[in-house]
Student: 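Please read through the structure below; I'll follow up with questions.
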Amino acid sequence: MITEASDLAADATKPARVSKHRRDPASRGERIWAFNFLAPFIVGIAVFYYIAIVASSYFSFTRYNLLKPPTWLGLDNYRFLIGNELFRKALWNTAKLTLVGVPVTIVLVVGLGVALNSRIRFQGVYRLIFFLPLVTMPVASAIVWRWMYSPETGLFDQLLGPFGVDRVEWLSRPGSALWAVLAMEVWRQSGLFLLIVLAGLQNIPEVYYEAATVDGATAWQRFRHVTLPLLSPSLFFLAVTGSIAAFQTFDAVIVLTPGGGPLNSTRTVVFDIYGSAFESLRMGRAAAASMLLLAVILVVTAVQFRMQKRWVHYE
Amino acid sequence: MGPLRMTTRRVPVAAPAGSVAAVRRCLRGGAGLVVRYGPRAGLHAVLLALAFLYVMPFLWMISTSLKGPSDYLRSGISLVPREIHWDNYIEVFERVPFATFYWNTVVVTVMRVVAQIALAAAAGYAFARFRFKGRTLLFVAVLVILMVPPPVTLVPNFIIIRRLGWVNTYTGLVVPTIWSAFGVFLFRQFFLTLPKDLIDAAKLDGCRPWRVFWHIGLPAARAHIAAFGLLVALYSWNEFLWSLVAATDDSRRVISVGIYLFQSGYRQEWGLMMAAATISIVPLLVIFAIAQKHLIRGITLTGLKG
C-alpha cells in the first residue's frame with residue numbers, strides 16, 4: 001500500500017528524472033511490465049496446478065461420479081484405498097518398477113556411456129541407435145513389444161525356440177508379466193538416461209584421468225575414483241527424475257496387459273487412477289489415489305535429497 | 001568391421017618419465033602408439049550385441065508391417081517378407097480414421113509448441129530482466145510444479161475442462177498441457193546471460209520492454225527456442241494419457257490414442273498394427289535425424305522431456 005502510494009507520488013513528478021536518481025529497482029513501470037509478461041503463465045499454473053490440486057484434495061473426500069454433485073465422505077476414500085488389496089498391489093508393483101527399473105537402467109547406461117565416451121569407432125552410429133527408443137511413441141513401442149512377447153510366433157519365443165524353450169506366455173504369467181513391462185521400460189528410458197550420462201562424462205576434465213594415470217591407477221581405479229564421483233551429480237539427477245517417471249508408468253502397462261496383468265501383477269498406481277476415474281467414474285476415489293501418489297513422490301524425492309550428501313560429490 | 005581391425009590404444013606406462021607434456025602427447029596418441037587387438041574388439045562385440053537388441057524392435061516392426069498373416073504367423077525368424085504387403089498401410093487408413101488422428105496430432109503439436117515457447121520465454125524473461133516485489137516467491141511457485149507429474153492433476157483437470165465445455169476440443173487437449181516450469185527455468189537462465197548494456201541501449205533508443213523482448217531477447221534466444229520447441233514437439237507427439245481422457249470422439253483423437261484403440265480392437269492382426277505403429281513414429285524419427293543436435297542439446301539443458 002505504502003509503496004503504491006509513493007510510486008504514484010513519484011509518477012506525479014517527472015518520471016524520467018525520478019528513475020534516474022532513485023535506485024529503487026521496482027519502479028511502477030517495471031512492475032506493470034513484469035505483470036504483463038508473467039500473468040498468462042501464472043494464471044495457467046494457478047488453474048491447472050494449484051487450483052487443480054486443491055480441487056483434487058476436496059474431491060478426494062467425496063463421492064463424485066460427474067453426474068450428481070459430490071457428496072461428502074470424509075476419509076472413506078483413503079481408508080478404502082489403504083485397506084484395498086488391489087491398490088496395495090498397484091503400489092507395490094509401482095515400487096518394484098521404480099526400485100528395480102531405475103538402478104538397472106542407471107548401471108546399464110553408465111556402462112554404455114563409458115564405452116561410448118572412450119574414443120571408439122562408430123561412436124555416432126551407436127549413439128544414434130541407443131537414442132532411437134527415446135523418440136519413439138511409447139504406445140507404439142508397447143504395441144511392438146506386445147508382438148515380440150506374443151507366445152510362439154513372437155520374436156522372443158522364436159529366438160528361444162532353438163534352445164529348447166517353447167512357448168513362454170510372457171505377458172500372461174504372473175511371474176513374468178511385470179518383468180516384461182520393466183524390460184520394455186528400461187529399453188525405452190535408457191536413451192534419455194544415456195544423454196545425461198554422456199553430458200556428465202564430457203564435463204569431467206581430462207586432467208584428472210591424466211593425473212590418475214600418471215599415479216599408476218588401473219582402468220577400474222580410474223572409473224571408481226575419478227569417473228564415478230565426478231559423475232555422481234548426473235546420477236543423482238537420474239535417480240530423482242527417473243523415479244518420478246517410473247511412478248507414472250502407464251502407457252506400457254495398458255497396452256501390454258490391458259486388464260492390469262495376470263492376477264493384477266502389472267497394475268500400477270496410475271493405471272488404478274485411470275481405471276477408477278474413467279472406467280468406474282469414481283472421481284473421488286481416483287482423486288484420493290492421485291493425492292497419495294503425489295505424497296509418495298514428494299516423500300521419495302525428499303529422501304533422495306536427504307541422502308545425496310552421502311554419495312553425491314559436487315566440485 | 002572385423003574384430004581384427006587394428007586399434008590404437010593409449011599406453012601411458014611407456015611415457016618418458018618426467019614431463020607432463022610428454023605424457024599428454026602420449027595420451028593424445030602422438031607418441032608411443034602401441035597396436036592392440038584385444039579389448040577394443042571385445043568392447044565392440046558387447047556394443048554391437050546391445051545395439052542389435054536396441055534396433056531389433058524397429059526392424060521387427062517394419063518387417064512385420066510388410067508381411068501378410070500367413071507370413072508373420074509362420075514359425076522361423078525372417079526379417080525379409082516372402083512377399084511385400086504394402087496394402088497393410090492402406091488398410092490402416094481404411095479401418096480407422098487415421099488421417100484425422102494424424103491431422104489432429106499435427107494441430108495440437110503446433111499449438112503446444114507455439115504456446116509453450118511464447119509462455120515460457122515471456123515468463124523467463126520477466127524473471128530474469130524485471131525486478132518486482134515477490135519475484136523470488138513467484139519463481140519458487142513455478143519451480144514447485146516440477147514435482148507434480150501429469151497423472152496427479154489428471155482427474156481435477158478433466159473435471160475443470162468438463163466444466164468449461166472443453167472436452168473433445170483442441171482447446172481442451174492443449175491448454176492444460178502447456179505450462180512448463182522447465183521452459184521458464186531454461187529461458188530465465190538464458191536471459192540472465194544477456195548483456196545488460198544491450199538492453200539498456202535499446203531502452204535509451206526508446207524501446208518499450210515488449211519491443212526489447214521481441215527484437216533483442218527472442219532473436220538472441222534462437223538456439224534455446226529451437227531446442228525447447230523440439231522437446232515440446234517430442235512430448236506432444238507421443239503424449240497419451242491426457243489425450244486419452246480429454247478427447248473421446250474420433251474427430252478429436254490423436255495418433256497415440258488412435259493406435260491404442262486400434263490395437264485393442266484388432267488384437268491379432270499384427271501386420272496392420274505394425275504398419276500403424278510405423279506410420280506413427282516416422283515423423284519424429286525424421287525430425288530427430290534432421291535436428292539431432294538441437295534435440296540432444298535441449299534434453300541435456302533441461303534434463304527432461306516436456
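All chains are named by letter (A, B, ...) in the order of the sequence lines, taking the proteins before the strands, and each is independently numbered beginning at 1.
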Student: Taking every non-hydrogen pair under 4.5 Å, which of G161(A), S190(A), A287(A) racks up the most with chain B?
Tutor: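 So the answer, after comparing G161(A), S190(A), A287(A), is S190(A).
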Student: Go through the atoms of S280(B) and report whether side chain, backbone, both or neither lie under 4.5 Å from a heavy atom of chain A.
Tutor: both
Student: Counting distance only, does the side-chain N/O of Y260(B) pair as donor-acceptor with the main-chain N or O of I254(A) below 3.5 Å?
Tutor: no
Student: Please determine, among I287(B), L241(B), V55(B), the option with the most heavy-atom pairs under 4.5 Å with chain A.
Tutor: L241(B)
Student: Could you tell me which of L284(B), I161(B), V282(B), L50(B) has the largest number of non-hydrogen atom pairs under 4.5 Å with chain A?
Tutor: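 If we count pairs closer than 4.5 Å to chain A, L50(B) comes out on top.
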Student: What are the two closest non-hydrogen atoms of I281(B) and M137(A), and how far apart are they?
Tutor: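 Smallest interatomic distance, heavy atoms only, reads CG2-N, 3.8 Å.
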Student: How long is the straight-line distance from CD1 of I143(A) back to CE of M273(B), given to the nearest 0.5 Å?
Tutor: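 That separation rounds to 7.5 Å.
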Student: Contact part of Y50(A) toward chain B, heavy-atom cut-off under 4.5 Å: side chain, backbone, both or neither?
Tutor: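 For Y50(A), the contact with chain B is made by the side chain alone.
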Student: Nearest 0.5 Å, please: how far is CZ in R121(A) from CG in L47(B)?
Tutor: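 Between atom CG of L47(B) and atom CZ of R121(A) there are 14.5 Å.
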Student: Walk me through it: do Y274(A) and L244(B) pass the test side chain to side chain contact (heavy atoms under 4.5 Å, CB included)?
Tutor: CA-CA 10 Å; Y274(A) 173 76; L244(B) 180 64; 3.5 Å; yes
Student: Classify the ring geometry between W147(A) and Y72(B) as parallel (under 30°), tilted (30 to 60°) or perpendicular (over 60°).
Tutor: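 It falls in the perpendicular class, over 60°.
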Student: Could you check which of A277(B), S264(B), A126(B), A122(B) has the highest count of heavy-atom pairs closer than 4.5 Å to chain A?
Tutor: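 So the answer, after comparing A277(B), S264(B), A126(B), A122(B), is A122(B).
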Student: I need the residue from M283(A), M291(A), R146(A) with the largest number of non-hydrogen atom pairs under 4.5 Å to chain B.
Tutor: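 Option with the greatest count: R146(A).
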Student: Nearest heavy-atom pair of A115(A) and L43(B): which atoms, and what distance?
Tutor: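 Where A115(A) meets L43(B) most closely, the heavy atoms are CB-CD1, 3.8 Å.
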Student: Report which part of S56(A) has an atom under 4.5 Å of a heavy atom belonging to chain B: side chain, backbone, both, or neither.
Tutor: both
Student: Per the ring pair (Phe, Tyr, Trp, His ring centres under 6.0 Å) rule, which among F37(A), W33(A), F41(A) passes with Y125(B)?
Tutor: F37(A)
Student: So do V175(B) and F48(A) actually touch side chain to side chain, heavy atoms under 4.5 Å?
Tutor: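 In contact.
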Student: Determine the minimum heavy-atom distance between V155(B) and S290(A), stating which atoms define it.
Tutor: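 That closest heavy-atom pairing would be CG2-OG, 4.3 Å.
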Student: Near R167(A) CZ, under 6.0 Å, is it more than 12 heavy atoms from other residues, nucleotides or ligands?
Tutor: yes
Student: Give, as side chain, backbone, both or neither, the part of L108(A) having an atom under 4.5 angstrom from any heavy atom of chain B.
Tutor: side chain
Student: Quick one: of A121(B), A276(B), P151(B), who has the most non-hydrogen atom pairs under 4.5 Å with chain A?
Tutor: P151(B)
Student: What part of F250(A) is in contact with chain B, defined as an atom under 4.5 angstrom from a non-hydrogen atom: side chain, backbone, both or neither?
Tutor: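 The side chain, not the backbone.
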Student: With only heavy atoms counted, which part of V135(A) is less than 4.5 Å from chain B, the side chain, the backbone, both or neither?
Tutor: both
Student: Tell me, side chain or backbone of F278(A) under 4.5 Å from chain B's heavy atoms, or both, or neither?
Tutor: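 Side chain of F278(A) only, per the 4.5 Å heavy-atom cut-off to chain B.
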Student: Look up atom CG in L154(B) and atom CD1 in I273(A), then write down how far apart they are to the nearest 0.5 Å.
Tutor: 7.5 Å
Student: With a 4.5 angstrom heavy-atom cut-off, is it the side chain or the backbone of R162(B) that approaches chain A, or both, or neither?
Tutor: side chain
Student: With chain B, which of T136(A), L293(A), V270(A) has the greatest number of heavy-atom pairs at distances under 4.5 Å?
Tutor: T136(A)
Student: Under a 4.5 Å heavy-atom cutoff, which of R135(B), R208(B), R129(B) has the most pairs with chain A?
Tutor: R208(B)
Student: Just how far is it from atom CD1 of I53(A) to atom CG of N157(B), taken to the nearest 0.5 Å?
Tutor: 9.0 Å
Student: Side chain from CB out, backbone as N, CA, C, O: work out which of these in A181(B) comes under 4.5 Å of a heavy atom of chain A, or both, or neither.
Tutor: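 A181(B) touches chain A through backbone heavy atoms alone.
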Student: Specify the closest pair of heavy atoms between Y54(B) and V186(A), including all atoms of both residues, with the distance to one decimal.
Tutor: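 Heavy atoms only, the tightest pair is OH-O, 4.3 Å.
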Student: Pick from I297(A), L155(A), L195(A), D251(A): which one has the most heavy-atom pairs with chain B under 4.5 Å?
Tutor: L155(A)
Student: Write down the atom of L73(B), the atom of T153(A), and the distance for their closest heavy-atom approach.
Tutor: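 The pair with the smallest heavy-atom distance is O-CG2, 3.3 Å.
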Student: If I measure from the heavy atoms of chain A, does L119(B) come under 4.5 Å with its side chain, its backbone, both, or neither?
Tutor: both
Student: Measuring heavy-atom distances to chain B, does S276(A) have an atom under 4.5 Å in its side chain, in its backbone, in both, or in neither?
Tutor: neither
Student: Could you tell me which portion of A52(A) (side chain, backbone, both or neither) has an atom closer than 4.5 angstrom to a non-hydrogen atom of chain B?
Tutor: both
Student: Examine whether an atom of L132(A) lies under 4.5 Å from a heavy atom of chain B, and if so say whether it belongs to the side chain, the backbone or both; otherwise answer neither.
Tutor: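 The answer is both parts of L132(A).
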Student: I'd like to verify something: which residue of V54(A), V255(A), I51(A), V47(A) has the highest number of heavy-atom pairs under 4.5 Å with chain B?
Tutor: V255(A)
Student: Is P133(A) in contact with chain B via its backbone, its side chain, both, or neither, using a 4.5 Å heavy-atom distance?
Tutor: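 Contact with chain B: backbone and side chain both.
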Student: Counting only non-hydrogen atoms closer than 4.5 Å, does I244(A) touch chain B with its backbone (N, CA, C, O), its side chain (CB onward), both, or neither?
Tutor: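 Contact with chain B: side chain only.
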Student: Given heavy-atom pairs under 4.5 angstrom as the criterion, report whether the side chain, backbone, both or neither of F247(A) touches chain B.
Tutor: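 Neither; nothing under 4.5 Å.
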Student: Rounded to the nearest 0.5 Å, how far apart are CZ of F139(B) and CG of L38(A)?
Tutor: 10.5 Å
Student: Before giving the answer on side chain to side chain contact (heavy atoms under 4.5 Å, CB included), spell out for V139(A) and N238(B) the whole-Å C-alpha distance, their side-chain angles and the decisive distance to 0.1 Å.
Tutor: CA-CA 8 Å; V139(A) 177; N238(B) 294 338; over 6 Å; no
Student: With rounding to the nearest 0.5 Å, note down the distance linking CG in L48(B) to CD1 in I129(A).
Tutor: 8.0 Å
Student: Between L66(A) and I159(B), is a side chain to side chain contact (heavy atoms under 4.5 Å, CB included) present by the stated rule, with each step listed?
Tutor: CA-CA 8 Å; L66(A) 292 176; I159(B) 295 172; 4.1 Å; yes
Student: Can you tell which part of L238(A) gets under 4.5 Å to a heavy atom of chain B, answering side chain, backbone, both or neither?
Tutor: neither
Student: Need one label for W270(B): side chain, backbone, both or neither, based on atoms under 4.5 Å from any heavy atom in chain A.
Tutor: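 Just the side chain, heavy atoms under 4.5 Å.
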Student: Please rank Q292(B), M147(B), M274(B) by heavy-atom pairs under 4.5 Å with chain A and give me the top one.
Tutor: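 Winner by heavy-atom pair count: M274(B).
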Student: Please classify the contact of L294(A) with chain B as side chain, backbone, both or neither, using a heavy-atom distance under 4.5 Å.
Tutor: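 It is both, since atoms from each part get that close.
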Student: What part of V142(B) gets within 4.5 angstrom of chain A, counting heavy atoms only: side chain, backbone, both, or neither?
Tutor: both
Student: Contact between L128(A) and F288(B) at the side-chain level, heavy atoms closer than 4.5 Å - yes or no?
Tutor: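 Yes, close enough: below the 4.5 Å cut-off.
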Student: Which heavy atom of R31(A) sits nearest to which heavy atom of F132(B), and what is that distance?
Tutor: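 The answer is CG-CB, 3.6 Å.
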